[in-house]
Asker: 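Structure provided below as C-alpha cells; questions to follow.
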Amino acid sequence: MWDYTDKVKDHFYHPRNVGQIEKPDGVGEEGSLACGDSLRLMFKLDKNGRIAEARFQTFGCGSAIASASALTEMIIGKTLEEAEKITNQDIADYLGGLPVEKMHCSVMGREALEAAIANSRGEDVEALRARKGHVVCECFGVTDNEIVRVIKENHLKTVEEVTNFTKAGGGCRRCHPQIENLIAGVIGIEQKQEAAQPPGKKMSNIQKIKLIEETLENEIKPMLRADGGDIELIDIEGDRVMVALRGMCSSCPSSQLTLKQYVESKLREFVSEDIIVEEAKP
Amino acid sequence: MTIRAVYADNNATTRVAAEVLEAMLPFFKEQFGNPSSMHYLAKPAEQAITKAREQVACLLYADPSEIVFTSCGTESDNAAIRGVLSALPHKKHIITTRVEHPAVRNVCQYLGKNGYRVTELSVDKMGQIDLDELRETLDDDTALVSIMWANNETGVIFPVREIADMVKSRGALLHCDAVQAAGKLPIDLRVVNVDLLSISGHKLHAPKGIGVLYIRKGTYFSPLMIGGHQEKGRRAGTENVPYIVGLGKACELAFEHMEEEQTRVKALRDRLEKELLEKALDASVNGDPANRLPNTTSISFKYIEGEAILLMLSAEGIAASSGSACTSGSLEPSHVLRAMGVPFTRVHGSIRFSLSRYNSDEDITYIVEKMVPTARRLREISPFGRDELYAAK
C-alpha cells in the first residue's frame, strides 16, 4: 500500500478543477492510455495574461489524479512565465511529497503544463515534442531530453531513480544502458564513447542494437501485428538475435518458418548479412 | 451512515476461521511442547501434528505420510522445484507457464540463468494453455513440469488431470501449485496423478506462515531445508505446532464447506459479475468463464485505472485487488493478463474480486452499489471515451 500524504488523499478524493474549458487558451496532453496514465490540462487567460481558469482530465492512479488537481490550483493566478517555472518537484512538494515510485506522476503534470503553455503561444506541439529529443524508453515513450532534464533537476544518480521519476526503464529494461549513459553525461563522467567508425567499417554494438531495434519496430512488427502476432527482442549476443514471438505467433505452427524466413531476411537486409535469428527460450 | 466492511480479496489472504484460532490456542499456552522431546509435553504436540496431517490428507485424498508441513506456499514451491531437480541431476529441462505465481515463475527464471533450459507455455486469450504445446515441449531431458491448478488473478483452472497423464507418460515429474485451488475446488489425488503439490494455509482460513508440500510416495526428492529429522527428513526445523494444528482444522472446515463453495459462493460471484457488467458499463470479464474458481472474478473497467478504483472502494470499506501497473510497485501491469493478450486499455482497469464463505448477499449488493458510481466518477475525471459511453445511456 502506498504511503500517500493527507494532501494527496484530499486531492484524489476531492479533485479540484476536473473537466474541460470551452475555448481554452492552452491545451496540453501527456502520457497515453498504453502507459497506464494520461493527463489533459487546459487553461484560460484573463486580460492581464494570467491564468484565470484551469481544468484537467486524468486517466491514472491516485497520485496521478492528485498531481493534476494540485497543478491546476498552483497555476491559477500565475502568468505563463511564472507557471513555466514550476518543476515536478514543486508539484510533489505542494502535495507534501509523493512516494518515489510515483514521482513520474508529477513529471507528467509538469510536461502537460509545458505542452499547454507552448500551445497557448501558438507553438507547434509536434515541434515541441521534436525539441524534446528522441525516445529512449520505448515502453513509456520517454525522450533523452526529458530524462536529462529530470536528472539535472533532481540530482539523480541511478537508473532506478530515473525510473521512479519518469517511468523510463520501468518496462522491458532494454534502455537501461542508454539511461546510464545519460546519467554519466550529466554528472560529467567522461564516457568511454567509441570513436566514430569510418564508413563501411563494423558498427559498434550500440549502433547495431539500435539498428536491430529499429528494424524490428518499423519493418517486422507491423507485418506480424497485421496477423494478430507480435515479436519481442529478448537479447543480442554478437550476431545472434534472440526474439520471442507473442500473441498469435507464439502458437502458430509456422512460427519457425516466420522467424527464419521473414525476420532473419529483414534483419540481414537492414542490419548485417551475418545475423542469425533464434527463438528465445523463456 | 456507518461504513460496511466487505472483504473481497480472499485470493490475497483470508481471515482466520474462529474454529481454527480456537484449535491453535492451547498449543501456545499449556501444550507448548516440542514433539521431539522425551517428556510428557512432547506427546500431545506429536499427536496434534498426526491429527493435522490426517486432516490435510483427507482434503486431498492423499496418504498422511505424503504430507510435509512447510512455512508457506512459496517455500513449498521452492522445495518442490529445487528438490526434484537436485534429485534428478542428469535432467536439465523445466516446463512451466507464463501465468504462474512469482513463487514458481521467478524460481524457474532463476534456474534458467543457472544451467537449466526453461520453457514457459503460452496461454490463449481465455488464459488457457494448449495441451498440444505441452506435448511438443516435453522431451527426454524434461525433469519437471510446474503448472498451477488455478490462477490467482483470473481463477482460470488448468486441466491438471490431462496434464498429469501427459507428463507422466513422458517420464517427467509434475509439480502443481494448488495454493488457490485448495479449499475452493475438490482435489482428488487418487485420480489426479501429480507428484508434488503446494498449499498455503492463509488462503484457506488458516494463519499466514504455514504451508504444505504434498510429495507422492516414491517421488525423487531432495530436501531444501537440511537439519533435524523432522517431517521424515523432508523438511528440517522444529514443527510449528500451533500453526500446523490450525492448518489441519482449516482443511477439515474446507472439506465440510466444499459444497457451499461450489454453490452459494459461486452464486454470489456470478451475481456480482452479472450486475457489474450490466451496470458499470464497458466492463468485461478476464479469463475462461467455464473453467474458473467459484469465488473469483477479474473484471476490466475500460478507461479508468485500477489503483484509483481500489482507493475509492477502500474508502467505502471494500477490499479488492488489481492487475494495474500502479498497484504492483514495479510499473509493470499484470503478467497474467498480458500473457493472455488483454489490451492495455483493459489491463490497467482490471479489478479482481475474490469471495469466500464469509461473504453474504448483502456484501454483493453493497459492492455493486459502490462500484458503479466509482466507475462513473473516475470516468468523469478520465479524458478517454466517457462522452460516448454515458451519452449512449
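Per chain, numbering begins at 1; letters A, B, ... match sequence-line order.
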Asker: Go through the atoms of B/A339 and report whether side chain, backbone, both or neither lie under 4.5 Å from a heavy atom of chain A.
Answerer: neither
Asker: Locate the shortest heavy-atom distance separating B/I351 from B/G306; write the atom from each residue and the value.
Answerer: CD1-O, 3.8 Å
Asker: Not counting sequence neighbours, list each pair that qualifies as a salt bridge (charged side-chain N to carboxylate O under 4.0 Å, His left out) and has a residue in residues 99-114 of chain B.
Answerer: B/R105-B/E120
Asker: Aromatic rings B/F384 and B/Y303: how do their planes relate, parallel, tilted or perpendicular, breaks at 30° and 60°?
Answerer: parallel
Asker: A/D3: what forms a salt bridge (Lys or Arg N to Asp or Glu O under 4.0 Å) with it, not counting sequence neighbours?
Answerer: none
Asker: Checking A/S69 against chain B: side chain, backbone, both or neither under 4.5 Å from a heavy atom?
Answerer: neither
Asker: Using a 4.5 angstrom heavy-atom cutoff, name the option from A/C61, A/A68, A/P99 with the most pairs to chain B.
Answerer: A/C61
Asker: Check whether B/M312 gets within reach of chain A through its side chain, its backbone, both or neither, counting any heavy atom under 4.5 Å.
Answerer: both
